[in-house]
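Reviewing the structure listed below.
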Amino acid sequence: VQLVESGGGLVQAGGSLRLSCVASGRTFSSYAMGWFRQAPGKEREFVAGISWNSVTTYSAGSVKGRFTISRDSAKNSVYLQMNSLKPEDTAVYYCAAHRSYSGIQTGGDYWGQGTQVTVSS
């Protein structure tokens, strides 16, 4: 599975961005998907995850109520809608795929190259 993110950029605090991740490979629909982020000088952290059938989603407390993860298996894509952005959301955001939903919160079997999100105050 290969993952390619897009949609990052520079936005003012309070604004919105939608990240996209397109996956190649016929088994995409069987993978749990997630978004992670890494800010300068910090470790990579889990942001949100979604099960293979979209039934279950989970978001980290720091983004709950502001970020929404979704997927479209027909388009081999997973999305992260980010609203009410804050300067502390500034980071490189990574898309990840994992063979089980229970594992996606800890990391991915496959990773994208990342997309930069910068939120100005």
Side-chain angles (χ1 to χ4, degrees):
V1 176
Q2 292 185 324
L3 306 173
V4 179
E5 303 98 332
S6 62
L10 174 64
V11 64
Q12 290 189 333
S16 298
L17 281 175
R18 187 192 195 209
L19 305 183
S20 299
C21 172
V22 179
S24 63
R26 294 176 293 175
T27 59
F28 167 79
S29 60
S30 67
Y31 280 81
M33 300 297 296
W35 288 95
F36 291 75
R37 67 186 181 185
Q38 187 167 20
K42 296 187 177 181
E43 293 187 353
R44 188 176 298 184
E45 65 173 354
F46 171 80
V47 175
I50 188 167
S51 61
W52 68 273
N53 56 3
S54 301
V55 168
T56 307
T57 62
Y58 180 78
S59 299
S62 58
V63 306
K64 197 177 295 288
R66 299 188 297 123
F67 291 10
T68 302
I69 188 170
S70 62
R71 68 189 295 166
D72 185 340
S73 292
K75 296 182 179 180
N76 276 10
S77 296
V78 61
Y79 309 99
L80 186 68
Q81 178 66 45
M82 306 186 295
N83 299 327
S84 302
L85 283 160
K86 304 176 181 179
E88 52 263 42
D89 294 318
T90 295
V92 177
Y93 283 71
Y94 298 90
C95 174
H98 199 286
R99 278 165 284 188
S100 70
Y101 181 71
S102 61
I104 191 61
Q105 295 181 38
T106 61
D109 295 322
Y110 303 96
W111 293 91
Q113 83 290 348
T115 185
Q116 176 70 48
V117 172
T118 303
V119 185
S120 63
S121 57

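- Residues Met82 and Val117 form a side-chain contact, since some pair of their non-hydrogen atoms from C-beta on lies under 4.5 Å apart.
- No chain of hydrophobic side-chain contacts below 4.5 Å, direct or via other Ile, Leu, Val, Met, Phe, Trp or Tyr residues, connects Met33 to Phe36.
- Other residues, nucleotides and ligands place more than 12 heavy atoms under 6.0 Å from the CZ atom of Arg66.
- Taking all atoms of both residues into account, the shortest heavy-atom contact from Ala91 to Ala39 is CB-N, 3.8 Å.
- Across all their heavy atoms, Leu85 and Leu17 have their closest contact at CD1-N, 3.8 Å.
- The distance from the CG atom of Asn76 to the SG atom of Cys21 is 10.0 Å, given to the nearest 0.5 Å.
- The environment of Lys75 atom NZ is sparse: at most 12 non-hydrogen atoms of other residues, nucleotides or ligands sit within 6.0 angstrom.
- By the criterion of side-chain heavy atoms lying less than 4.5 angstrom apart, applied directly or through intervening Ile, Leu, Val, Met, Phe, Trp or Tyr residues, Val1 is grouped together with Leu80 in one hydrophobic cluster.
- Within the 3.5 Å criterion, the main-chain N or O of Val119 finds a donor-acceptor partner in the side chain of Thr90.
- Counting heavy atoms from C-beta on, the side chains of Ser20 and Ser77 never come closer than 4.5 Å.
- Pairing each heavy atom of Phe46 with each of Ala60, the nearest pair is O-CB, 3.5 Å.
- The minimum heavy-atom distance linking Ser70 with Ile50 is given by the pair CA-CD1, 3.8 Å.
- Partners of Arg18 by salt bridge (charged side-chain N to carboxylate O under 4.0 Å, His left out), not counting sequence neighbours: none found.
- Partners of Glu45 by salt bridge (charged side-chain N to carboxylate O under 4.0 Å, His left out), not counting sequence neighbours, listed by chain and number: Arg37.
- For Gln2, the CD atom sits in a loose shell: 12 or fewer heavy atoms of surrounding residues, nucleotides or ligands are nearer than 6.0 Å.
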Enumerate, atom names and distances included, each donor-acceptor pair closer than 3.5 Å involving a side-chain atom of residues 3-15, sequence neighbours excluded.
| from | atom 1 | to | atom 2 | distance (Å) |
| --- | --- | --- | --- | --- |
| Glu5 | OE1 | Gln113 | N | 3.0 |
| Glu5 | OE1 | Gln113 | NE2 | 3.4 |
| Glu5 | OE1 | Gly114 | N | 2.9 |
| Glu5 | OE2 | Cys95 | N | 2.7 |
| Glu5 | OE2 | Gly114 | N | 3.2 |

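- Checking side-chain atoms of Ser51 against main-chain N and O of Val55 turns up a donor-acceptor pair under 3.5 Å.
- A chain of hydrophobic side-chain contacts below 4.5 Å, direct or via other Ile, Leu, Val, Met, Phe, Trp or Tyr residues, connects Trp111 to Val92.
- Grouping the Ile, Leu, Val, Met, Phe, Trp and Tyr side chains by contacts below 4.5 angstrom, directly or via other members, places Ile69 with Leu19.
- Identified under the disulfide bond (SG atoms under 2.5 Å apart) test for residues 37-72, with sequence neighbours left out: none.
- Take Tyr110 and apply the ring-ring contact (aromatic ring centres under 6.0 Å, His included) test, not counting sequence neighbours, and it matches Tyr31.
- Applying the ring-ring contact (aromatic ring centres under 6.0 Å, His included) test to residues at least two apart or on different chains, none of the pairs has a partner in residues 62-94.
- Each of Phe28 and Tyr101 belongs to its own hydrophobic cluster when Ile, Leu, Val, Met, Phe, Trp and Tyr are linked at side-chain heavy-atom distances under 4.5 angstrom.
- Side-chain contact check for Ile104 versus Tyr58: every heavy-atom pair is 4.5 Å or farther apart.
- A distance of 7.5 Å separates OG in Ser100 from CG in Asp109, rounded to the nearest 0.5 Å.
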